[in-house]
Amino acid sequence: MTELRIRAAGPDDLDTVLAFWKVAAEGTSISDDRAGVERLVACDPGALILAERDGELAGTVIAGFDGWRCHLYRLAVHPDHRRQGVGGALLSAAEERFVRLGGRRGDAMVLTRNETAHHAWRAAGYAPEEQWRRWVKHLAEN
């Protein structure tokens, strides 16, 4: 097995990432379009982290830091690369980024129904905080 390469996404990666999420990510987000991901990369150039093996995208994570909190989104590993350390490598890269930026705690958005993801997050040392509930309001029509 070849070495995993971890790097920040750039503008040239966006279409590949969007296609990848259709295969590897569970669920969809209102921002899962070119404009949404373009804004992310422009606003926070290091936030979208990619894992590549043999030049192919194996996984992604968004490690966003707003100066106050560290948010993790879109941890996705291609089905052919699961259980090979890709998710752990991505989370380590995200955590290193947060520490460099002064972050103190990472929080993750994880679908309740995605039991496979629960195992991956727990293995990386994360745990649910049941006292919190996510509240949302869509700000624009799609």
Side-chain angles (χ1 to χ4, degrees), residues 1-130 132-140 142:
M1 185 176 315
T2 59
E3 188 174 323
L4 199 61
R5 178 178 178 229
I6 304 292
R7 67 175 180 86
D12 292 342
D13 297 307
L14 305 187
D15 291 328
T16 301
V17 167
L18 288 165
F20 176 82
W21 285 343
K22 289 180 181 177
V23 173
E26 179 77 22
T28 59
S29 164
I30 192 171
S31 299
D32 283 358
D33 59 21
R34 181 149 178 96
V37 181
E38 218 164 50
R39 275 190 302 276
L40 169 68
V41 170
C43 177
D44 191 356
L48 178 52
I49 302 171
L50 308 181
E52 297 173 322
R53 184 169 278 143
D54 295 327
E56 295 292 320
L57 189 55
T60 67
V61 70
I62 297 173
F65 181 64
D66 61 14
W68 180 270
R69 298 222 170 120
C70 306
H71 301 286
L72 294 156
Y73 310 92
R74 278 294 181 233
L75 176 62
V77 176
H78 191 280
D80 294 342
H81 294 277
R82 291 185 181 153
R83 304 199 48 83
Q84 298 175 25
V86 175
L90 285 164
L91 288 176
S92 290
E95 292 164 4
E96 289 168 15
R97 177 175 198 269
F98 291 151
V99 169
R100 277 194 317 273
L101 294 171
R104 298 180 181 167
R105 178 186 77 178
D107 66 54
M109 301 268 305
V110 183
L111 287 171
T112 305
R113 71 176 187 265
N114 191 346
E115 292 292 327
T116 302
H118 298 182
H119 297 293
W121 285 103
R122 279 193 179 90
Y126 290 79
E129 288 188 332
E130 300 298 338
W132 298 101
R133 170 112 17 221
R134 178 177 177 220
W135 293 42
V136 299
K137 176 182 178 182
H138 290 251
L139 302 177
N142 270 349

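This chain uses plain numbering: 1 for the first residue, then up along the sequence.
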* Could you walk me through whether Asp107 and His71 pass the side chain to side chain contact (heavy atoms under 4.5 Å, CB included) test, one step at a time? => CA-CA 5 Å; Asp107 66 54; His71 301 286; 3.0 Å; yes
* Can Arg74 and Asp32 be said to form a salt bridge (charged side-chain N to carboxylate O under 4.0 Å, His left out), step by step? -> CA-CA 10 Å; Arg74 278 294 181 233; Asp32 283 358; 2.4 Å; yes
* Arg5 side chain vs Arg53 backbone, donor-acceptor pair below 3.5 Å ->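 The answer is no, because no donor-acceptor pair under 3.5 Å joins these two groups.
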* Is there a donor-acceptor contact under 3.5 Å from the side chain of His118 to the main chain of Thr112? -> yes
Student check: side-chain heavy atoms of [X] and [Y] closer than 4.5 Å:
X      : Y     : answer
Leu18  : Arg34 : yes
Phe20  : His78 : yes
Trp121 : Leu75 : yes
Met109 : Leu72 : no

Output the distance between atom [atom1] ([X]) and atom [atom2] ([Y]), rounded to the nearest 0.5 Å.
X      : Y      : atom1 : atom2 : result
Thr16  : Leu14  : OG1   : CG    : 8.5 Å
Thr2   : Asp54  : OG1   : CG    : 3.0 Å
Thr60  : Tyr73  : OG1   : OH    : 14.0 Å
Leu50  : Leu90  : CG    : CG    : 8.0 Å
Arg105 : Glu129 : CZ    : CD    : 5.0 Å
Leu91  : Phe98  : CG    : CZ    : 9.0 Å

* Asked: Below 4.0 angstrom, N of the basic side chain to O of the carboxylate: do Asp13 and Arg7 qualify?
  ->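 A salt bridge is present here (some side-chain N lies under 4.0 Å from a carboxylate O).
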Locate the shortest heavy-atom distance separating [X] from [Y]; write the atom from each residue and the value.
X     : Y      : answer
Val61 : Ala94  : CG1-CB, 4.3 Å
Cys70 : Gly103 : SG-CA, 3.4 Å
Ile49 : Ala63  : CD1-CB, 4.0 Å
Ile6  : Ala51  : CD1-CB, 3.6 Å
Pro45 : Ala8   : O-CB, 3.9 Å
Val77 : Gly87  : CG2-N, 3.8 Å

* Pairs touching residues 88-101 that satisfy side chain to side chain donor-acceptor pair (under 3.5 Å), sequence neighbours left out -> Asp44-Arg97, Glu95-Tyr126
* **Heavy-atom neighbours of Glu38 CD exceed 12 at 6.0 Å** => yes
